Amino acid sequence: MKMFMVKSICVAALMLISVLTGMQLANNGIHKMKGYDDPNFQNAVSIQESGNNISSTFLGNDISSHDIEAKKKKLEEIGAFNFFSSMGKKMSDGISGASKKLIKLITE
């Protein structure tokens, strides 16, 4: 019986060490995948401010505040319609209405 207990504790310790090692390896893999240690992405974003004008560089592409304003204006003109958002609202309204009717039916 004592030998079985020692083996069980050894197996549990081995499994714990394996899980902790796997978590560390997964964490390192995620950091590599995201590019935290990649020297090409260390200075990927730079921002320069001169008066009212703000310009920035993202991965070698120059972006100015005028570009951002133009894109914002274009989005407002388009009236960006989100299909999934409207379907979610309709579905939640339907479920709320059905549950209210069910509660009202039960309480009467």
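Everything numeric here is computed off the predicted structure, so don't read it as measured data. Values reported hereafter were calculated over all heavy atoms of this structure, with side chains retained and with hydrogens, waters and symmetry mates removed.
Between atom CD1 of residue I95 and atom CE of residue M91 there is a gap of 6.0 Å, rounded to the nearest 0.5 Å. Distance check: T107 OG1 to L102 CG gives 9.5 Å after rounding to the nearest 0.5 Å. T21 contributes atom OG1, which lies 9.0 Å from atom CG of L16 (distance to the nearest 0.5 angstrom).
Partners of S92 according to the side chain to side chain contact (heavy atoms under 4.5 Å, CB included) rule, which considers only residues two or more places apart in sequence or in another chain, do not exist here. Residues passing the side chain to side chain contact (heavy atoms under 4.5 Å, CB included) test with N27, sequence neighbours excluded: Q24, H31.
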